[in-house]
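One structure is given below, encoded as structure tokens.
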There are 2 protein chains.
Amino acid sequence: MSRRSYSQFCATAKTLDVVGERWTLLIIRELVTGPKRYKDLLESLPGIGTSLLAARLRHLESAALVRRTELPPPAGSTVYELTESGRDLEPAIMAIARWGLKWALGEPTPDEVFRPGWAVLAMQAAYDERAAANIDETYEFRVGDDVFHARVQDGAVQGRHGPAHEPDLVITATAEAFMQLAAGQATIEQAAKQGRITAAGSRIALRHCSAIFKRP
Amino acid sequence: MSRRSYSQFCATAKTLDVVGERWTLLIIRELVTGPKRYKDLLESLPGIGTSLLAARLRHLESAALVRRTELPPPAGSTVYELTESGRDLEPAIMAIARWGLKWALGEPTPDEVFRPGWAVLAMQAAYDERAAANIDETYEFRVGDDVFHARVQDGAVQGRHGPAHEPDLVITATAEAFMQLAAGQATIEQAAKQGRITAAGSRIALRHCSAIFKRP
DNA sequence: CGGCATCCATTTTGATACTG
DNA sequence: CAGTATCAAAATGGATGCCG
């Protein structure tokens, strides 16, 4: 009944009291790119088990990091979305992702699952600040049935779920090819030239996009 | 025997595979301010249980985030210290701490333990960038038997264990008073004026220190 | 003592089955 | 679709024992 707590007067420990349990931060990660339904969360978190997801969501709701909302008609489905305090975890998740990109990610292995949204968040976590400076463009990524976009503005990047408003570039790729990009095995420009992905839009935007998200 | 993994090709999940288990990030937090002995770690992590700490340290060593080292004579004791990849988690821990300062810390409660080192790390996590600009000073904090220092240089702050080399200011306080400061209940200058802490050093440095670490 | 390893009662989790 | 119910397996925490 009583949640486990570190009982430390420490900002780090207090945060982990709220989001430190298994799966919790990954649920937040899923919601950073936009609201999701229960079954979409289940789909993105293989292995979580339905009752544990429900318990975590209940906890995050009671901690006011997540809100249950009815989507406006005609959708009408109930979705989970981040509140202000939940969104405020984005910098922490990005810092964690940067560490993983540098020290732990490596090459994909056959037993690892992959979702395009994770790569979009990685793009937001680690982009080339020099290349992104003074750019105001939006790139749309269509990967299998999933659509994401990355907005580059004011030297920052936002990776979000759903189509872009007026994209300067539309990248279409298989999940396989997109994962290769996330693994840093090629730049977007190279993959487009080789026909492994298709890029529709201005050639300039393609060059920008490739430079901003080139992995070193 | 086999460690639990999310098995996701995702930078965030991969990081949590390494440091996401209970206590792990708090062990790293303890080592951010400097190397520590096994028993000091136990002391700073009430409730962990000796075998779990040993297991976590073994894991962190095998993951190359932590290294076991013999301290040079005359100390000669064995300590645990962060490797390069371990130190590289500092930004993530600071981001987590900033969230906790903003959304979860609140006032200390009687059941919560407190260690001065945690407050020093919080100072590093959330300081006033404007006030820290163009300052090159070091402040020493003596709290009970513990000594820490904060180095302000190049607009950044480093909170570390042990005495400062040539401190511009030496703050002496009880753990109780230092905790009050960490809770944001007074500025350092106010607490010094009220005699709840003592400050030795230049009046200018005291003003700087107070401004840099004032909590809004 | 410091630095663990072992044993055991409690919690947490993962997987599956089931319901409104 | 959005969960709840159930139950076995794993992780945790506490106490205690061992060893240089």
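Heavy atoms only: backbone and side chains are in, while hydrogens, waters and symmetry mates are out. For clarity, every value in this text was computed on a predicted model and none was experimentally measured. All chains are named by letter (A, B, ...) in the order of the sequence lines, taking the proteins before the strands, and each is independently numbered beginning at 1.
- If you take CD of B:E70 and P of C:dG3, they are 10 Å apart, rounded to a whole angstrom.
- In the set D:dA2, D:dT4, C:dT13, D:dT4 carries the atom at the smallest distance from any side-chain atom of A:R58.
- The phosphate of C:dC4 has OP1 or OP2 within less than 4.0 Å of a side-chain N or O from B:Y80.
- Listed candidates were D:dA2, D:dT6, C:dG3. Nearest to the side chain of A:S51 is D:dT6.
- In this structure, of D:dA2, C:dC4, D:dG3, it is D:dA2 that holds the atom nearest to the side chain of A:K39.
- Checked against D:dT12, D:dT4, C:dT13, the side chain of B:R22 finds its nearest nucleotide in D:dT12.
- Between the side chains of B:S44 and B:K36, a donor-acceptor pair is found at a separation under 3.5 Å.
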Show, in sequence, the C-alpha distance, side-chain angles and deciding distance for A:L25 and B:L16, and conclude whether the side-chain contact (heavy atoms from CB on, under 4.5 Å) test is met. CA-CA 9 Å; A:L25 227 32; B:L16 294 177; 3.9 Å; yes

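- Contact between the side-chain N/O atoms of A:W23 and the OP1/OP2 oxygens of C:dT12 is not found at any separation under 4.0 Å.
- OP1 and OP2 of D:dA9 both lie 4.0 Å or more from every side-chain N or O belonging to B:R4.
- For A:R68, the listed nucleotide lying nearest its side chain is D:dA2; candidates were C:dG3, D:dA2, C:dG14.
- Nearest nucleotide to the B:Y38 side chain, out of C:dC4, D:dT4, C:dT13: C:dC4.
- Between A:F9 and B:F114, the two ring planes are tilted [angle within 30° to 60°].
- Neither OP1 nor OP2 of D:dA10 sits under 4.0 Å from any side-chain N or O of B:R3.
- Using a cutoff of 4.0 Å between basic side-chain nitrogens and carboxylate oxygens, B:E21 and B:R56 are scored as salt-bridged.
- Toward the 5' end of DNA chain C, the nearer of the two residues A:E21 and A:T50, judged by each one's closest nucleotide, is A:E21.
- With C:dC4, D:dA2, D:dT12 as the candidates, the nucleotide lying closest to the side chain of A:R37 is D:dA2.
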